[in-house]
J.: 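This is the structure I have questions about; it appears just below.
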Amino acid sequence: MPYNDYDRQMPYATGLPVMQTASHRRVLVVDDDVELARSMVTILEVEGFSARHVSTGLDAVLMTRRWQPQVVLLDLSMPQGNGWEVASVLRDGLAPDCFLIAHSALLHEPADIVRCRESGFDACMPKPCDIDALLTMLEDFFGPGTMFRDANVSRHR
C-alpha cells in the first residue's frame, strides 16, 4: 500500500497531532423517545460529532458492537433492555472504556446518582438535558483540538 493511502487511513500514524474529525468523535444516543434522540443527534452533528441513535437496549448493544462509539448517552428506562442492563453489558467487556453517560428523568435523587456510579456510568445528565453542559462534558472527554483519544485508552475515573 502506498504511504499516502496508509496515511489517510491512519492519520495519527506519523505521531503528529491531527485535528479530530467527526468520525473520530462517535456518540451513540440511546433513547426510546425518538424525537428527543433525533434532536440530540442533530445538535451533536452540528457541533462536529458523528452521532447515531437507537431506541432500545438491545439495539444499543448491537450498535455499540458494530460502530464502537467512544461515548454512549444512555436512557435508563427503555424497552428490550433498560439502561442499567446495557451499562452492565458494555462494562463487562463489549465497551469497557467508553464514556458512559446516564440520561434520564429518573436522576433527581442522590441515591440515583450513587447507583449510576456503582453501575459503571461515568456521568449523569438528568432530563431535560442541559445541552451546553453535555457539549462541555464531551469536549472535556475528547479534548478540543487535540489528537483523537481512542476509547481503548484507559481513563482516570
Side-chain angles (χ1 to χ4, degrees), residues 11 18-153 155-157:
V18 295
M19 293 302 291
Q20 294 181 30
T21 61
S23 65
H24 288 147
R25 296 165 30 127
R26 294 183 306 275
V27 180
L28 178 61
V29 177
V30 185
D31 201 309
D32 58 335
D33 181 340
V34 176
E35 291 304 314
L36 172 73
R38 286 181 181 157
S39 296
M40 295 291 291
V41 166
T42 299
I43 291 167
L44 291 168
E45 288 176 340
V46 166
E47 294 296 326
F49 297 92
S50 178
R52 295 184 183 175
H53 81 277
V54 295
S55 57
T56 70
L58 177 60
D59 289 337
V61 170
L62 295 173
M63 181 62 78
T64 299
R65 180 176 289 129
R66 181 177 40 211
W67 193 50
Q68 300 178 347
Q70 288 91 3
V71 176
V72 178
L73 182 65
L74 183 59
D75 187 13
L76 297 176
S77 180
M78 297 176 297
Q80 297 180 356
N82 64 41
W84 308 109
E85 294 166 334
V86 173
S88 177
V89 170
L90 298 183
R91 289 297 184 230
D92 287 344
L94 180 60
D97 292 320
C98 75
F99 191 71
L100 190 56
I101 306 169
H103 182 236
S104 178
L106 304 174
L107 295 173
H108 294 287
E109 299 296 324
D112 300 327
I113 307 300
V114 170
R115 182 177 179 199
C116 285
R117 292 284 181 204
E118 291 172 349
S119 299
F121 285 93
D122 297 295
C124 299
M125 295 291 302
K127 288 182 183 177
C129 182
D130 179 339
I131 296 298
D132 290 331
L134 175 62
L135 293 174
T136 298
M137 186 183 301
L138 293 175
E139 289 298 330
D140 287 347
F141 173 72
F142 285 109
T146 61
M147 185 182 289
F148 160 65
R149 181 191 290 175
D150 192 307
N152 293 322
V153 176
R155 318 179 301 286
H156 300 283
R157 289 187 190 217

J.: Check A51 against V41 and note the closest heavy-atom contact, atom names and distance.
T.: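 Heavy atoms of A51 and V41 come nearest at O-CG1, 3.6 Å.
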J.: Using 0.5 Å steps for rounding, measure from the CD atom of Q68 to the SG atom of C98.
T.: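 Reported value, rounded in 0.5 Å steps: 11.0 Å.
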J.: Any salt bridge linking D122 with R91? Criterion: basic side-chain nitrogen under 4.0 Å from a carboxylate oxygen.
T.: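 Yes, D122 and R91 are salt-bridged.
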J.: Is L44 close to L138 at the side-chain level, that is, under 4.5 Å between some pair of heavy atoms?
T.: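 The answer is yes, as the side chains (C-beta and beyond) meet within the 4.5 Å cut-off.
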J.: Can you name the nearest heavy-atom pair linking G81 to V86, along with the distance?
T.: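 G81 and V86 have their closest heavy atoms at O-CG2, 4.1 Å.
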J.: Roughly how far, to the nearest 0.5 Å, is the CG atom of D130 from the OG1 atom of T136?
T.: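 It is 8.0 Å, given to the nearest 0.5 Å.
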J.: At what distance, to the nearest 0.5 angstrom, does CG of L134 lie from CG of L73?
T.: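 Nearest 0.5 Å value for the CG-CG distance: 6.0 Å.
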J.: M40 versus D31: any side-chain heavy-atom pair under 4.5 Å?
T.: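 A side-chain contact under 4.5 Å is absent here.
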J.: Identify the heavy atoms of G83 and F121 that sit nearest to each other, and give their distance.
T.: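 That would be O-CZ, 3.8 Å.
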J.: Just how far is it from atom CD of E118 to atom CH2 of W84, taken to the nearest 0.5 Å?
T.: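 Rounded to the nearest 0.5 Å, the CD-CH2 separation comes out at 9.5 Å.
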J.: Is any side-chain heavy atom of R65 closer than 4.5 Å to a side-chain heavy atom of L94?
T.: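 Yes, close enough: below the 4.5 Å cut-off.
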J.: Examine distances only and state if a side-chain atom of E85 and a backbone atom of N82 form a donor-acceptor pair shorter than 3.5 Å.
T.: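 Side chain of E85 to backbone of N82: a pair is present.
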J.: Which word best sums up how the rings of F141 and F99 line up, parallel for under 30°, tilted for 30 to 60°, or perpendicular for over 60°?
T.: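 F141 and F99: parallel rings.
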J.: Going from OG on S50 to CZ on R25, what distance comes out if it is rounded to the nearest 0.5 angstrom?
T.: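 So the OG of S50 and the CZ of R25 are separated by 10.5 Å.
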J.: Using a strict cut-off of less than 4.0 Å between a Lys/Arg side-chain nitrogen and an Asp/Glu carboxylate oxygen, indicate whether R38 and E35 qualify as a salt bridge.
T.: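 Result for this pair is yes, salt bridge flagged.
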J.: Provide the closest heavy-atom pair for P69 versus M63 in the form atom of the first, atom of the second, distance.
T.: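 Closest heavy-atom pair between P69 and M63: CD-O, 4.4 Å.
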J.: For the residue pair S77 and D32, what are the closest heavy atoms and their distance?
T.: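 It is O-OD1, 3.5 Å.
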J.: Begin from the C-alpha positions of L100 and V72 and carry the test side chain to side chain contact (heavy atoms under 4.5 Å, CB included) through to its verdict.
T.: CA-CA 5 Å; L100 190 56; V72 178; 3.8 Å; yes
J.: For residues V27 and F49, report the shortest heavy-atom separation together with the two atoms involved.
T.: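 Between these two residues, the closest heavy atoms are CG2-CD2, 4.1 Å.
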J.: Starting at CG of L74, measure out to CG of L76 and round the result to the nearest 0.5 Å.
T.: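 Those atoms lie 6.0 Å apart.
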J.: Is the side chain of Q70 donor-acceptor paired with the backbone N or O of R26 at a distance under 3.5 Å, no angle test?
T.: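 The answer is yes, because a donor-acceptor pair under 3.5 Å joins these two groups.
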J.: Apply side chain to side chain contact (heavy atoms under 4.5 Å, CB included) to the pair V34 and H53, showing each step before the final yes or no.
T.: CA-CA 8 Å; V34 176; H53 81 277; 4.2 Å; yes
J.: So T56 and M78, do their side chains get closer than 4.5 Å, heavy atoms only?
T.: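 The answer is no, as the side chains (C-beta and beyond) never meet within the 4.5 Å cut-off.
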J.: Under the criterion side-chain contact (heavy atoms from CB on, under 4.5 Å), which of D59, V61, V29 is the partner of V54?
T.: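 Of all the options given, the one that passes is D59.
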